[in-house]
Amino acid sequence: MPADNLQNLCAETREKLKSAINILEPFLNEHTLSQLAAEQDEETVQFYKGFLSDLRHLLAFSEVAYEKLGIVQRRPNFDADFAEKALYNVYHRCVNVFFYPKNESYSEDGRYAYTGQDAIRFRKKPVRPARDIILNITRTYEELRDDLAYYESDYLTERRMQADRKHA
């Protein structure tokens, strides 16, 4: 990918991460397990424990990726390899963590992905703030997934082929 395109992709990705961080951080600062699962059964409490844990991981990974992309942009000489690795990590640590949360409190139902309806389905019906936080950041992570699809598998394939050519 040409350096200009790569620099632009890094800048756009960083801005998208910042918007997600600006939604996630206040939610996690303002909502507690006892608020979300007030007077609920043990199964619901476990659901929200997993939900909050997944959001904390997503926030942490997004913040680290945001900072790495900032380093990419601040370096006096653009380092394409470092930029590519940073974008690869955004895909695998942020996008994948959003769409495949460890505790599976929600998931994407591909049958709804192209209908204009919400493609996110929750394992249990969440309280409105929990539902809203996911729906508010879904579009951002969908855009990141689309923008960074190359880093799903093609990036590593290309790196392996480059390494094989060097060793041949």
Side-chain angles (χ1 to χ4, degrees), residues 1-25 27-28 50-75 77-123 126 130-168:
M1 179 180 292
D4 286 350
N5 290 351
L6 191 55
Q7 282 179 302
N8 289 339
L9 183 57
C10 286
E12 290 167 9
T13 300
R14 189 167 189 258
E15 284 307 307
K16 288 175 183 171
L17 286 171
K18 184 64 173 169
S19 76
I21 290 165
N22 286 339
I23 294 169
L24 284 165
E25 190 170 27
F27 176 85
L28 288 169
F51 178 79
L52 289 170
S53 175
D54 288 338
L55 288 185
R56 285 190 298 273
H57 282 100
L58 180 60
L59 176 60
F61 289 141
S62 294
E63 287 175 331
V64 167
Y66 175 82
E67 290 304 319
K68 289 237 168 136
L69 289 168
I71 292 168
V72 167
Q73 292 177 307
R74 289 189 302 272
R75 285 190 169 172
N77 296 321
F78 184 71
D79 184 340
D81 285 341
F82 187 76
E84 295 260 29
K85 286 177 189 169
L87 292 171
Y88 173 85
N89 284 328
V90 170
Y91 189 90
H92 288 277
R93 292 204 177 118
C94 301
V95 172
N96 281 344
V97 165
F98 176 77
F99 285 104
Y100 306 103
K102 178 181 172 186
N103 293 291
E104 300 178 347
S105 49
Y106 66 88
S107 62
E108 180 182 40
D109 188 336
R111 295 175 292 187
Y112 294 95
Y114 304 102
T115 64
Q117 297 177 333
D118 294 329
I120 299 296
R121 297 290 177 243
F122 291 89
R123 187 166 37 103
R131 178 185 176 280
D132 289 350
I133 186 68
I134 296 301
L135 297 182
N136 286 339
I137 61 174
T138 297
R139 182 92 182 122
T140 300
Y141 286 98
E142 285 173 344
E143 289 174 5
L144 287 169
R145 178 173 60 186
D146 292 345
D147 294 348
L148 304 175
Y150 166 76
Y151 297 97
E152 182 177 15
S153 61
D154 295 345
Y155 169 74
L156 282 181
T157 302
E158 187 174 308
R159 289 288 180 210
R160 285 187 193 111
M161 289 178 6
Q162 287 174 351
D164 289 347
R165 283 192 295 267
K166 285 181 183 175
H167 296 297

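Atom CG of residue Leu17 and atom CG of residue Leu59 lie 11.0 Å apart, to the nearest 0.5 angstrom. Considering CD1 of Ile134 and CZ of Phe122, their distance stands at 5.5 Å, rounded to 0.5 Å. Going from atom CD of Glu104 over to atom CZ of Phe51 covers 14.5 Å, rounded to the nearest 0.5 Å. Rounded to the nearest 0.5 Å, atoms CD (Glu84) and CG (Leu6) are 5.0 Å apart.
The pair Arg139-Glu142 meets the salt-bridge criterion, with a side-chain N (NZ, NE, NH1 or NH2) lying under 4.0 Å from an Asp/Glu carboxylate O.
Partner of Ile137 under the side chain to side chain contact (heavy atoms under 4.5 Å, CB included) criterion, out of Ile21, Ile120, Leu24: Leu24 alone.
Under the side-chain hydrogen bond (donor to acceptor under 3.5 Å, both in side chains) criterion, Ser62 pairs with Tyr141, not counting sequence neighbours. In this view, Arg131 and Asp118 satisfy the salt bridge (charged side-chain N to carboxylate O under 4.0 Å, His left out) rule, not counting sequence neighbours. Take Ser107 and apply the side chain to side chain contact (heavy atoms under 4.5 Å, CB included) test, not counting sequence neighbours, and it matches no residue. With sequence neighbours excluded, the residues forming a side chain to side chain contact (heavy atoms under 4.5 Å, CB included) with Asp147 are Leu9, Lys16, listed by chain and number.
Tyr88 has its ring centre no less than 6.0 Å from the ring centre of Tyr150.
Annotation for Arg93: atom CZ does not count as buried by contact number, only 12 or fewer foreign heavy atoms lying within 6.0 Å. Atom OH of Tyr100 is surrounded by 12 or fewer heavy atoms from other residues, nucleotides or ligands within 6.0 Å.
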Pairs under 3.5 angstrom only: tabulate donor-acceptor contacts from the side chains of residues 64-75 to other protein residues two or more places apart or in another chain.
residue	atom	partner	partner atom	Å
Tyr66	OH	Arg14	NH2	3.4
Arg74	NH1	Gly70	O	3.4
Arg75	NH1	Asp79	OD2	3.1

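Side-chain atoms of Thr138 and Tyr106, non-hydrogen and from C-beta on, never get closer than 4.5 Å to each other.
Closest of all the heavy-atom pairs between Gly50 and Asn103 is O-ND2, 3.3 Å.
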